[in-house]
Amino acid sequence: MAGHRTALKRVVIFGGYGAVGREAAGVLRRRVPEVVVAGRDLAKARGVPGAVPMRVDLRGDLDEALAGADAVVMCVDQGNARVARACFERGVHYVDVTASYGIVREIEALDAGDATGVLSVGLAPGVTNLLARLCGGSGVDIGVLLGSGERHGAAAVEWTLDALAEVGPAWTMLFPEPCGRRVVRGFPFPDQHTLPRTAGFERVRTGLCLDSRALTGLLAGPVSRLVRRPRGRALVLGALTRVHVGGEGFAVAAASERGWASFSGRRQSRASGLAAALAVRELEGMPPGVHHLDQVVEPERFLREMASYGFGFASGEYDAG
């Protein structure tokens, strides 16, 4: 373990003025002496309270951005493996909230040296991985219920549109009240690929639904077909960024033959940012190398700390109904 590491003094958040990055910055600025919010839009970076703004183009040279940094939080999907490699070469720790399995695989293959890289850090994947660990068993179902009224960051919307082309079969998941039992559609969250390797599950499936049942029904129908064409994709993207139908509540749940666990609250971007910030705080005690969050933190302790920020956390036996 790396318990001998000194406390973090400078954390750089790439994409720190986005929905998730802004939340992470808000938590970290109370724990780290200097939090740098970096991105291509300096005006937006200056709008994050308590942070040091920096203009950075991730396609260019990263020397200035990484100078003096102890850790980086990656909140955009743009050259992630390149950024992670640059961090590891400089001994800078790296935390990534990406939900892209392709990016995850690229970073997993890197040599972190004496630094630590943490993946599956967010709501899904991230909190979902920890819930699955709590359930145990040979197989686990994971459900993600998102509020269709929340204003999500551009990166999250783009990723969701890409994933809609891979929507799979439906099944029923039990979410905490007031959500109850809801139909979810198979969705390509990375958990289904990583958890068999990190936690030894024989079977993992992950599904998505929206708080609006009507919109959930469209996921595997018209919308899924529409986003496969450039014009249709642009139409749906415009609609998602302008029209917000539904609420800001979310819930994630995991169920196995041994147990059930859930995490819920308002604004999933706030939960994702909080998970990333708490993961950064725990870097000082993590071993070198590239890991997933569920491999390097104790699930129940981490989730209870997250819940202390105003979220709901529950676990127990699974009621198959």
Side-chain angles (χ1 to χ4, degrees), residues 13-15 18 20-21 58-59 62 66 71-133 139-142 144 153-168 186-208 227-228 252 254 272 275-276 279-280 283 286-297 299:
I13 307 176
F14 291 128
V20 173
L58 293 176
R59 298 168 298 183
L62 298 175
L66 297 180
V72 158
V73 182
M74 192 72 167
C75 293
V76 292
D77 282 1
Q78 184 180 335
N80 299 52
R82 175 178 179 267
V83 175
R85 183 182 294 107
C87 289
F88 296 153
E89 289 173 349
R90 294 164 173 80
V92 177
H93 307 309
Y94 180 85
V95 172
D96 200 321
V97 303
T98 186
S100 167
Y101 184 57
I103 292 175
V104 166
R105 291 296 287 169
E106 286 185 285
I107 297 172
E108 284 180 326
L110 298 177
D111 180 0
D114 292 329
T116 297
V118 190
L119 305 173
S120 299
V121 178
L123 184 67
V127 168
T128 51
N129 298 53
L130 302 179
L131 294 174
R133 281 270 190 177
V140 65
D141 290 338
I142 296 171
V144 179
V157 174
E158 292 276 0
W159 180 85
T160 303
L161 289 185
D162 291 338
L164 280 173
E166 301 179 46
V167 170
F187 213 70
F189 291 108
D191 317 55
Q192 58 192 301
H193 304 293
T194 60
L195 280 168
R197 292 187 283 110
T198 64
F201 288 106
E202 296 175 9
R203 178 192 60 81
V204 179
R205 60 177 178 173
T206 60
L208 172 71
V227 297
R228 295 172 187 172
V252 289
S272 293
V280 169
L283 282 167
M286 292 181 187
V290 179
H291 314 278
H292 291 267
L293 185 65
D294 62 285
Q295 294 177 297
V296 286
V297 302

Name of the residue among Val144, Leu293, Val140 meeting side chain to side chain contact (heavy atoms under 4.5 Å, CB included) with Thr128: Val144

Close side-chain approach of [X] and [Y], heavy atoms under 4.5 Å:
X      : Y      : value
Val83  : Phe14  : yes
Met286 : Gln295 : no
Asp191 : Ser120 : no
Pro287 : Val296 : yes
Arg82  : Leu62  : yes
Leu58  : Met74  : yes
Leu119 : Thr194 : no

Quick one: sort the Phe88 and Tyr94 rings into parallel, tilted or perpendicular, breaks at 30° and 60°. perpendicular

How many angstroms lie between CD1 in Ile142 and CZ in Phe187, if you round to the nearest 0.5 Å? 14.0 Å

Distance in Å, Asp114 CG paired with His93 NE2, rounded so as to fall on 0.5 Å steps: 9.5 Å

Check [X] against [Y] and note the closest heavy-atom contact, atom names and distance.
X      : Y      : value
Val97  : Ala276 : CG1-CB, 3.8 Å
Ile107 : Ala81  : CG1-CA, 4.0 Å
Gly122 : Ala275 : O-CB, 3.8 Å
Cys75  : Gly21  : SG-CA, 3.7 Å
Pro288 : Thr116 : CA-OG1, 3.6 Å
Val76  : Gly15  : CG1-CA, 3.7 Å

Test His292 against Leu195 for side-chain contact (heavy atoms from CB on, under 4.5 Å), laying out the working first. CA-CA 9 Å; His292 291 267; Leu195 280 168; over 6 Å; no

Side chain to side chain contact (heavy atoms under 4.5 Å, CB included) with Gln192: which residues, sequence neighbours excluded? Pro188, Val204, Thr206

Spell out, as yes or no, whether a donor-acceptor pair under 3.5 Å connects the side chain of Asn80 to the backbone of Gln78. yes

Can a donor-acceptor pair be found, under 3.5 Å and without considering hydrogens, that links the side chain of Arg133 to the backbone of Asn129? no

